[in-house]
2 protein chains.
Amino acid sequence: MRDDRFCQSNCPFTRAIGTIGNKWEPMIINVIGTRTMRFGQLDAIVPHISRKVLTGQLKELEEVGLLERLAYKEIPPKVDYKLSEKGLAFLPILEAINEWNIKYEVAVMPEETDLG
Amino acid sequence: MRDDRFCQSNCPFTRAIGTIGNKWEPMIINVIGTRTMRFGQLDAIVPHISRKVLTGQLKELEEVGLLERLAYKEIPPKVDYKLSEKGLAFLPILEAINEWNIKYEVAVMPEETDLG
DNA sequence: AATTGTAGTTACCTGTTAGTAACCAGAATA
DNA sequence: TATTCTGGTTACTAACAGGTAACTACAATT
């Protein structure tokens, strides 16, 4: 998922896009937010994601230092995921994207309004 | 490039990621910035992009209303691209990503410093 | 002895994205 | 007459992403 050519650029912006410039990582970061979540929860909540892709993305997020993984030595296994400081610092950006979209998105359906 | 499942979500954030959640569109938007640019310039400046991908992405950006395309009826052809209001409003987000990355990116090379 | 629960992993197969190189129009220039 | 210039398009191919379903470990429960 990560683009190595981008990540090896000498431009920090290009490198940033090389790591978070895809759909899954922002989605996962946004879903976790300030919470601590387990694998099964993420699998259930992140829209449209499959187990396989989820594990891969979680690994990448951990490698890049956005995510902390805490595995308890229990059976059945239990693993907690939470954002690192870097990951938390990314949340306001995702919130800005959300607001930007709400403000500028062209209406897909010309919604009828009951509200006058 | 756009993810239709995401774009049909009833969550605005998910829809936003469905359109700009990829590497090419942020890169192109960032390169254009507040300037007006021609196809050939973009082809030369956007890192690693091929003509084919560039045309495709420019079309998508136009469809989503981030980009304005102005084709002059000349030969040889001349086409200007510039960001729409929506596109311009996205620039601060890209700048925030840049700053976030500069602040939190783990050094790839353990840089020696001459600066004490 | 069989089932449940969790967090993955694996194999197999399909679909999408990307790269490359050749090609186009049609006026202006050499 | 051949070449140049620009903004694409097209065909072919390689690489990658993603979906599905089956499988693992091992303790606790039924």
Side-chain angles (χ1 to χ4, degrees), chain A residues 1-9 14 17-28 31-32 35-64 67-82, chain B residues 1-9 14 17-28 31-32 35-64 67-82:
Chain A
M1 199 58 273
R2 203 174 341 159
D3 188 310
D4 284 335
R5 289 175 313 179
F6 276 46
C7 289
Q8 282 158 20
S9 164
T14 301
I17 295 300
T19 60
I20 52 88
N22 62 69
K23 60 188 176 203
W24 294 121
E25 311 211 351
M27 283 298 300
I28 294 171
V31 163
I32 298 180
R35 299 181 282 183
T36 291
M37 296 190 73
R38 296 182 55 183
F39 182 83
Q41 290 180 284
L42 289 168
D43 188 27
I45 296 179
V46 176
H48 307 297
I49 207 164
S50 70
R51 247 177 168 58
K52 178 189 163 187
V53 171
L54 180 57
T55 34
Q57 297 301 308
L58 290 172
K59 259 177 206 161
E60 285 201 6
L61 285 168
E62 200 195 346
E63 283 172 21
V64 183
L67 199 59
E68 283 163 18
R69 195 189 104 112
L70 182 59
Y72 301 86
K73 295 194 196 323
E74 299 176 2
I75 280 169
K78 177 179 174 181
V79 179
D80 276 340
Y81 290 96
K82 60 192 277 259
Chain B
M1 201 56 273
R2 203 173 341 160
D3 187 311
D4 284 334
R5 289 175 314 180
F6 276 46
C7 289
Q8 283 157 20
S9 164
T14 301
I17 294 300
T19 60
I20 51 88
N22 62 70
K23 61 188 174 199
W24 294 120
E25 312 212 349
M27 283 298 300
I28 294 171
V31 163
I32 298 181
R35 299 180 281 183
T36 292
M37 296 190 73
R38 298 182 56 182
F39 182 83
Q41 290 181 287
L42 290 169
D43 188 27
I45 296 179
V46 176
H48 306 297
I49 206 164
S50 70
R51 250 177 163 60
K52 177 188 164 189
V53 171
L54 180 57
T55 35
Q57 297 301 308
L58 289 172
K59 260 177 205 160
E60 285 201 4
L61 286 168
E62 201 196 345
E63 282 172 22
V64 183
L67 200 58
E68 284 163 17
R69 196 189 104 113
L70 182 59
Y72 301 87
K73 294 194 196 325
E74 297 175 3
I75 279 169
K78 177 179 174 182
V79 179
D80 276 342
Y81 290 96
K82 59 192 278 259

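Hydrogens, waters and symmetry mates play no part in the numbers below; they use all other heavy atoms, side chains included. Chain letters run A, B, ... following the sequence lines, proteins first and then strands; every chain starts at 1. The structure presented is a predicted model; accordingly, all values stated were derived computationally and were not measured.
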Footprint string (nucleotides 9-21 of chain D, 5' to 3'): B base within contact, S backbone only, - free, heavy atoms under 4.0 Å: S-B-----SBBB-
Would you mind reading off the distance between [X] atom [atom1] and [N] atom [atom2], rounded to a whole angstrom?
X: Tyr72(A); N: dG8(C); atom1: OH; atom2: P; answer: 13 Å
X: Lys73(A); N: dA27(D); atom1: NZ; atom2: P; answer: 15 Å
X: Leu70(B); N: dG7(D); atom1: CG; atom2: P; answer: 12 Å
X: Glu62(B); N: dG7(D); atom1: CD; atom2: P; answer: 15 Å
X: Gln41(B); N: dC5(D); atom1: CD; atom2: C1'; answer: 15 Å
X: Glu25(B); N: dT17(C); atom1: CD; atom2: P; answer: 11 Å
X: Leu54(B); N: dG19(C); atom1: CG; atom2: P; answer: 11 Å
X: Asp43(A); N: dA7(C); atom1: CG; atom2: C1'; answer: 10 Å

Main-chain N/O of Arg5(B) paired with Gln8(B) side-chain donor or acceptor, under 3.5 Å: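 Absent.
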Non-hydrogen side-chain atoms of Ile32(B) and Leu67(B) separated by less than 4.5 Å: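 Yes; the side chains approach each other to less than 4.5 Å.
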Rounded distance [0.5 Å steps], CD in Glu62(B) versus CD in Gln57(B):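 Here the interatomic distance stands at 13.0 Å.
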Trp24(A) side, atom CH2; Asp3(B) side, atom CG - distance, nearest 0.5 Å: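 The CH2 atom of Trp24(A) sits 6.5 Å away from the CG atom of Asp3(B).
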Proximal nucleotide (of dT6(C), dA27(D), dA7(C)) relative to the Ile75(A) side chain: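 Selected nucleotide (nearest to the side chain): dA27(D).
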salt_bridge(Arg2(A), Glu25(A)) N-O dist < 4.0 Å: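 Salt bridge between Arg2(A) and Glu25(A), a charged N being under 4.0 Å from a carboxylate O: no.
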Geometric class of the Phe39(B)/Tyr81(B) ring pair [parallel <30°, tilted 30-60°, perpendicular >60°]: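 Rings of Tyr81(B) and Phe39(B): tilted, as their planes differ by 30° to 60°.
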Residue-phosphate contact under 4.0 Å: Arg38(B) side-chain N/O, dC5(D) OP1/OP2: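 Checking Arg38(B) against dC5(D): no side-chain N or O falls below 4.0 Å of OP1 or OP2.
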Any Tyr81(A) side-chain N or O less than 4.0 Å from OP1/OP2 of dG8(C):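 Affirmative; the distance criterion is met.
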Atom NZ of Lys82(B) with >12 non-hydrogen neighbours under 6.0 angstrom: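 Counting other residues, nucleotides and ligands, NZ of Lys82(B) stays at 12 neighbours or fewer.
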